[in-house]
Protein chains: 2
Amino acid sequence: MRVSKTPIPARDADATRARIMAAVGSLLVREGFGALGVNAVAREAGVDKVLIYRYFGGMDPLLEAWGNASDFWPSVEEILGTEPETDPARLAAGLLKRHLRALRARPHTLEVLAWETVARHPLTAILARIREARSEQLMATLPPSFREAGFDVEAFSALLGAGLQHLLLRSRTTDVFNGVPIGTGEGWLRLEAAVDALCSRMFSTSAIRT
Amino acid sequence: MRVSKTPIPARDADATRARIMAAVGSLLVREGFGALGVNAVAREAGVDKVLIYRYFGGMDPLLEAWGNASDFWPSVEEILGTEPETDPARLAAGLLKRHLRALRARPHTLEVLAWETVARHPLTAILARIREARSEQLMATLPPSFREAGFDVEAFSALLGAGLQHLLLRSRTTDVFNGVPIGTGEGWLRLEAAVDALCSRMFSTSAIRT
DNA sequence: TTGACATGTCACCAACCGGTGACTACCTTG
DNA sequence: CAAGGTAGTCACCGGTTGGTGACATGTCAA
């Protein structure tokens with residue numbers, strides 16, 4: 001009569017590693033960043049926490065691995081779109097809208113962005129570095145006419161980009177922001193239309209006013 | 001020879017209550033809301049934590065009391081400004097800019113707003129309620145022409161308001177956002193100028209385009 | 001003076017946290 | 001078969017957290 005204490009220990013390191021990584025993601029979107037810890041991840045993965053130390057070296061390296069592995073940030077192509085656009089207003093609006101849609105499809109990324117606006121953490125630093133590289137890569141593809149549009153394009157795009165990002169973050173927990181239903185697709189259609197209008201009017205009338 | 005264990009116990013309940021309340025604020029701005037707890041507040045106030053339970057009934061009631069006490073949200077007058085404005089573009093820009101300045105002067109409020117984006121909490125609910133009331137109060141003072149400007153004013157102001165708020169939150173930990181130095185007054189001047197330009201062009205050309 | 005009450009100190013609790021060492025079970029290589 | 005490494009379990013450590021009960025000390029009124 002065998003009294004084996006370990007009925008199905010699986011005994012598959014790669015699978016265990018994968019379970020731990022997956023647990024990070026699901027725990028993140030379900031409980032939020034505050035719940036992320038060695039004990040919690042181990043519980044979520046159904047695994048002893050000592051394996052986290054053995055396989056990853058601790059929580060921070062695990063988060064690094066997780067951030068590097070998943071398609072955390074949208075690719076440059078996803079933001080640039082397929083066909084080239086010359087009209088600066090359409091170009092700007094297209095970039096903003098594709099950026100919006102890319103983030104809207106990535107709840108993990110959204111969660112980390114939320115954390116980043118609030119607290120400093122090794123993971124947010126890691127991911128910020130990846131994002132910076134992507135951002136520079138993207139900026140390099142933009143035509144120089146974009147920068148000399150007759151108004152402060154940096155401040156303009158900072159304002160709109162920040163606005164979209166903030167609304168995305170709020171949409172995780174709130175249904176309506178300033179009367180706009182950010183919990184539904186209809187609200188985002190209205191916001192995309194607003195982005196279109198803003199870009200169009202800024203770039204087309206940029207020469208009229210100083 | 002007296003061996004009094006309590007050299008200066010102060011013995012002033014009101015003062016102790018005040019010290020606890022003050023400790024919440026200073027701890028919040030210095031360490032962030034993650035560090036808020038019974039032990040931390042008691043330490044910060046130089047007070048035994050049992051007094052927090054005795055005087056406030058726990059951490060959440062303490063936070064409620066704190067949120068209700070301080071001038072957390074700017075008054076309606078502070079947002080509306082002194083002199084009435086009829087031009088809708090100037091009116092909108094003025095509202096946004098005064099809102100921005102009011103929040104920039106309130107680090108406590110900013111910290112709780114940041115908190116609100118990542119977690120639900122009794123305190124954030126309390127403050128959200130106060131904010132809602134102020135917001136409605138403010139909206140009631142705006143002329144109806146504001147709503148029928150020929151474009152989606154709600155989406156427009158949601159986007160700009162959210163953008164400013166997001167940049168405010170990011171400025172707590174980051175110096176530059178999209179090339180704009182949000183850590184310095186110069187960056188905020190540029191952003192205010194961008195708000196002016198956006199409002200001006202949206203309201204002045206609203207009839208030209210659909 | 002005596003008692004009631006308010007104020008504050010202290011010790012303690014269970015629960016959780018991150019982290020580590022010792023162990024068993026298994027598979028592979030000789 | 002034996003040896004060694006790998007995968008996983010378990011028990012434990014010190015420290016911190018939220019929370020409570022017992023107690024000392026001061027103040028004030030009867």
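Letters go in sequence order (proteins before strands), and every chain restarts at 1.
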Subject >> Any residue meeting side chain to side chain contact (heavy atoms under 4.5 Å, CB included) with B:Pro143, in chain and number order, not counting sequence neighbours >> reply: B:Leu91, B:Ser145
**OP:** May I ask you to list the residues of residues 49-57 of chain A, by number, that have any heavy atom positioned under 4.0 Å from an atom of DNA chain D?
**Re:** A:Val50, A:Leu51, A:Arg54, A:Tyr55
Subject >> salt bridge (Lys or Arg N to Asp or Glu O under 4.0 Å): pairs with one or both residues in residues 51-65 of chain B, sequence neighbours excluded >> reply: none
Every protein N/O within reach of nucleotides 2-5 of chain C N/O, cut-off under 3.5 Å:
none

**OP:** Give every residue pair that meets the salt bridge (Lys or Arg N to Asp or Glu O under 4.0 Å) criterion with at least one member in residues 176-187 of chain B, sequence neighbours excluded.
**Re:** none
**OP:** Can you run down the salt bridge (Lys or Arg N to Asp or Glu O under 4.0 Å) pairs that involve residues 188-198 of chain B, sequence neighbours left out, and say none if there aren't any?
**Re:** A:Asp152-B:Arg190, A:Glu154-B:Arg190, B:Lys97-B:Asp196, B:Arg101-B:Glu192
Original post:
Can you tell me if the side-chain N/O atoms of A:Thr16 get under 4.0 Å from OP1 or OP2 in D:dG8?
Top reply: yes
Subject >> Set of residues satisfying side chain to side chain donor-acceptor pair (under 3.5 Å) with respect to A:Arg104, sequence neighbours excluded >> reply: none
Original post:
Between D:dG8 and A:Arg19, is there an OP1 or OP2 to side-chain N/O distance shorter than 4.0 Å?
Top reply: no
**OP:** By nearest nucleotide on DNA chain C, pick out whichever of B:Asp48 and B:Ala13 is the more 5' one.
**Re:** B:Ala13
Original post:
Under the side chain to side chain donor-acceptor pair (under 3.5 Å) test, which residues partner B:Thr109, sequence neighbours left out?
Top reply: none
Original post:
Rounded to the Å, how far apart are A:Asp60 CG and C:dG18 P?
Top reply: 11 Å
Original post:
What pairs with A:Arg90 under salt bridge (Lys or Arg N to Asp or Glu O under 4.0 Å), at least two apart in sequence or on another chain?
Top reply: A:Asp87
Subject >> From CA spacing to verdict: side chain to side chain contact (heavy atoms under 4.5 Å, CB included), A:Trp66, A:His108 >> reply: CA-CA 11 Å; A:Trp66 182 76; A:His108 290 177; 3.6 Å; yes
Subject >> Set of side chain to side chain donor-acceptor pair (under 3.5 Å) partners for B:Arg30, sequence neighbours left out >> reply: B:Glu44
Original post:
Looking at residues 23-41 of chain A, who's got a heavy atom less than 4.0 Å off DNA chain C?
Top reply: A:Gly37, A:Val38, A:Asn39
**OP:** Assign A:Arg17 to base, sugar-phosphate, or nothing according to its heavy-atom contacts below 4.0 angstrom with the strands shown.
**Re:** nothing
**OP:** Could you walk me through whether B:Glu116 and B:Leu127 pass side chain to side chain contact (heavy atoms under 4.5 Å, CB included), step by step?
**Re:** CA-CA 10 Å; B:Glu116 201 176 352; B:Leu127 297 175; 6.0 Å; no
**OP:** Applying side chain to side chain donor-acceptor pair (under 3.5 Å), name anything that partners A:Glu78, two or more places apart in sequence or on another chain.
**Re:** A:Arg106
